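All chains are named by letter (A, B, ...) in the order of the sequence lines, taking the proteins before the strands, and each is independently numbered beginning at 1. Computed from a predicted structure; not experimentally measured.
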Amino acid sequence: MDVTAEVALECLERMVVIRAVEEGICAEYSNRNIRGPVHLSIGQEAMAVGVLNVCRPEDVAVSTHRDHAHYLAKGGSVGAMIDELYGLESGCSRGYGGSMHLFSGEANFMGASAVLPGSTPIAVGLGLGCKLDGRRAVAVGFSGDGASDEGSFFEALNLAAVLKLPVLFVCENNGLSTNTPLAARQAQTDISAKARAFGLVAANADAVDVFAVRRAAAEVLDHVRSTSQPAVLALTADRLCAHVGPVSTIDPIDTGAMLAEAANGATRDPIASCVGAILRDEPQLRGECIEILEGVPTRIAAEFRRANAAFEDRNAVAGLVAPPPPKSHTV
Amino acid sequence: MATRTQAPAATDEKLYRVALREALNEEMERDDSVYLIGEDIGKFGGAYRVTEGLLDRFGAQRVVDAPIAEEVIVGCAIGSAMLGLRPVVELMTINFSLVAYDQIVNNAAKIRYMFGGEAKVPMVIRMPGGAGHQLSAQHSHSLEVIYGLIPGLLVVAPTTPEDAKGMLKSAIRSDNPVMFLESMSLYNVRGIVPPGDYTTPLGKAALRRSGSDVTIVGVSRMAVLAHEAAKQLEEEDVDAEVIDLRSIRPIDWEPIVESVRKTGRCVVVEEGWSTYGVTAEIAAGVSERCFDYLDAPVRRLGGAQVPMPYSLPLEKASIPTSENIKQLVRAVVGK
């Protein structure tokens with residue numbers, strides 16, 4: 001671990017917030033008060049947290065359909081996000097956007113576009129905005145490996161390089177575009193190599209390890225900030241959930257199980273990996289880790305209860321009747 | 001092309017393209033957040049020379065020569081607009097805008113609404129359309145309708161130098177994405193441009209000629225042809241009223257409805273395909289709003305339902321002419 005105890009716990013806490021929100025969605029979805037497609041970030045928390053932990057508040061970010069982790073890691077309000085999932089006016093997009101279109105002007109999270117690779121060209125414009133208004137901020141454009149199947153992904157790399165814009169393109173490679181593996185879709189599967197061919201600086205990191213992501217992100221961000229040139233950061237991790245729908249492929253956070261998994265050096269769970277790294281280097285932080293693993297999900301569950309009650313109240317006032325439950329979920 | 005009765009001083013008349021350039025110049029002068037991006041707009045001055053001289057005046061940061069990559073040009077404009085800049089995109093023709101259609105429809109048009117009003121996209125996309133220069137199938141279409149049908153966009157098509165300047169200034173100051181549809185055939189049209197800083201509102205049709213027998217609504221350059229046709233029909237004792245639609249989205253129904261209630265007859269003309277076209281929308285709206293006042297069915301005239309052919313006689317046969325408009329008007333008024 002090459003970070004202070006404070007930063008280490010901050011990263012762990014933020015990842016657990018993201019996981020707990022996703023687990024809350026899984027738990028609540030069957031009540032049919034949260035609707036629409038939900039693309040969860042379970043297994044990919046370290047990508048968003050590692051990168052955005054080394055960003056500054058004035059940096060701007062933009063995301064994709066899988067935007068929960070980015071919104072939360074950029075500092076978007078947890079309550080406003082949950083309200084948005086319930087379609088409430090108090091939601092971060094006033095109930096007009098839903099899961100795939102979270103927005104927070106306050107946190108400089110400039111929303112999410114859910115048609116690939118829509119937000120990657122927009123990230124170029126955010127970079128141009130940053131450069132021209134002289135705030136010395138950086139634009140961070142998150143995308144998945146699927147976005148790099150599309151042509152305008154590369155138009156974006158090229159234009160950002162030509163115009164010398166401070167954009168960090170973060171390509172989150174979970175190896176799957178919906179359900180089709182990367183190797184079945186791309187002849188050259190090394191996204192960094194393609195970025196270098198466009199003249200960009202590029203780095204890779206294993207995104208099971210949040211501190212490895214943070215380290216790599218700090219390095220490329222330094223480059224972007226000091227040279228006003230774009231860079232690509234290609235991150236690899238597993239999506240431990242369905243492409244879409246409230247289905248996790250791992251168990252909800254349980255402190256005991258998480259501490260046991262933390263000792264497994266080959267874990268693919270970035271939260272277990274983070275706990276493991278902390279306990280290995282700073283065993284005295286065990287109490288703080290346990291507090292986060294237990295306290296955060298409790299707080300998030302309370303947020304869901306609050307939003308659920310507000311949703312029921314809203315429906316009562318508006319005279320809305322919930323539709324009958326479906327026979328099964330389509331995932 | 002000027003329609004004033006008194007011959008104006010030569011200095012008052014300007015080319016449509018020059019009027020556009022003046023608008024860009026003045027708005028860039030007025031507001032540092034306005035910048036231009038497009039293909040060949042800087043050093044080369046634009047495919048239709050609208051942006052000539054602006055690179056020298058404002059520098060490469062504000063007049064951005066972009067790669068031939070329409071999707072990212074528009075995406076870049078959107079992102080920068082979200083951070084408070086006011087991009088004016090030039091696409092070489094409306095036909096090429098199809099490459100950027102996803103960004104325009106899925107992002108530019110939707111962002112303000114989709115994020116509950118928390119973000120806005122103040123941008124303009126300028127692009128010429130229209131045929132008549134033997135540019136063949138992929139450089140000649142009008143396609144106004146594919147933007148007209150998208151909520152979240154403002155879509156305008158000015159036909160005079162005065163409107164070109166005033167409406168472009170309004171478009172740049174608008175907080176919503178504006179599709180600014182120019183016509184290749186109008187760039188060299190001359191007309192009076194009022195001196196000084198003025199704006200022309202978006203969303204408003206213009207009455208070009210008063211008449212009592214029939215209302216002709218023209219879209220883009222067809223409004224100019226409709227005006228010519230109406231003047232010629234005078235000799236045949238047909239008194240046609242001409243409305244220049246100017247705004248394709250939103251449609252300014254009030255003057256159209258008022259006119260048709262007066263004349264009882266309506267002909268709608270566009271250069272694009274009329275099936276599912278702008279004229280189809282106007283005809284449906286007029287029928288709904290003026291049914292009891294109509295003395296004849298609303299008639300539509302549009303371009304031939306083919307990809308634009310290259311050969312001169314074939315191309316001429318594919319674009320509505322003032323003669324075609326006169327024929328249809330005669331049929332509608334029973335002459």
Side-chain angles (χ1 to χ4, degrees), chain A residues 60 62 80 84 87-98 100-106 108-133 135 137 139 141 150-165 167, chain B residues 28 31-39 42 58-87 89 99-123 151-152 177:
Chain A
V60 296
V62 68
E84 185 64 26
L88 298 173
E89 206 191 337
S90 47
C92 59
S93 300
R94 309 273 169 228
Y96 286 81
M100 297 188 291
H101 305 298
L102 306 175
F103 185 92
S104 173
E106 230 172 33
N108 278 321
F109 181 76
M110 304 310 288
S113 183
V115 182
L116 301 187
S119 56
T120 307
I122 290 175
V124 177
L126 296 175
L128 184 64
C130 289
K131 186 172 179 171
L132 292 188
D133 78 3
R135 290 186 301 172
E150 298 266 10
S152 69
F153 180 86
F154 296 100
E155 292 181 16
L157 300 193
N158 179 60
L159 185 58
V162 167
L163 299 181
K164 299 183 172 51
L165 301 180
V167 185
Chain B
M28 290 179 82
D31 182 352
D32 283 346
S33 65
V34 179
Y35 80 97
L36 314 183
I37 184 166
E39 295 157 6
F58 296 103
Q61 281 218 327
R62 294 184 67 196
V63 181
V64 181
D65 271 324
I68 302 175
E70 289 80 5
E71 202 173 345
V72 76
I73 290 172
V74 173
C76 175
I78 294 169
S80 63
M82 290 175 79
L83 289 190
L85 297 181
R86 291 186 175 268
V89 175
V99 179
Y101 200 51
D102 167 59
Q103 282 291 348
I104 296 167
V105 176
N106 274 320
N107 291 312
K110 293 179 182 171
I111 277 173
R112 191 167 191 177
Y113 189 91
M114 183 166 86
F115 297 140
E118 298 286 309
K120 60 186 181 186
V121 185
M123 67 184 283

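- Using a 4.5 Å cut-off between heavy atoms, B/Gln103 contacts chain A through its side chain alone, with no backbone atom that close.
- Of all residues in residues 62-69 of chain B, those placing a non-hydrogen atom less than 4.5 angstrom from a non-hydrogen atom of chain A are B/Val64, B/Pro67, B/Ala69.
- Shortest non-hydrogen contact noted between B/Met123 and B/Ala108 is SD-CB, 4.2 Å.
- With chain B as the partner, the residue from A/Ser113, A/Gly141, A/Gly98 showing the most heavy-atom pairs under 4.5 Å is A/Ser113.
- The heavy-atom pair separating B/Leu83 from A/Leu126 by the smallest distance is CD1-O, 3.3 Å.
- Of the two parts of A/Leu163, only the side chain, counted from C-beta on, holds a non-hydrogen atom closer than 4.5 Å to a non-hydrogen atom of chain B.
- Once rounded to the nearest 0.5 Å, the distance linking OH of A/Tyr96 with CZ of B/Phe115 reads 14.5 Å.
- Looking only at distances, no side-chain donor or acceptor of B/Ser80 sits under 3.5 Å from a matching main-chain atom of A/Gly129.
- Scanning both residues, B/Pro177 and B/Gly152, for their nearest heavy atoms gives CG-O, 3.5 Å.
- Options B/Val99, B/Ile73, B/Leu85 differ in how many heavy-atom pairs under 4.5 Å they form with chain A, and the most are formed by B/Leu85.
- Heavy-atom pairs under 4.5 Å with chain B peak, among A/Ala112, A/Cys92, A/Gly105, A/Pro117, at A/Ala112.
- Listed options A/Ser119, A/Gly127, A/Gly118, A/Gly91 were ranked by heavy-atom pairs under 4.5 angstrom with chain B; first place goes to A/Gly118.
- Between B/Lys120 and B/Ile111, every side-chain heavy-atom pair lies at or beyond the 4.5 Å cut-off.
- In this structure the side chain of A/Leu159 never reaches within 4.5 angstrom of the side chain of A/Glu155, judged on heavy atoms.
- Minimum interatomic distance between B/Val72 and A/Ala156 (heavy atoms only, all atoms of both residues): CG2-CA, 3.5 Å.
- In this structure the side chain of A/Phe103 reaches within 4.5 angstrom of the side chain of B/Met82, judged on heavy atoms.
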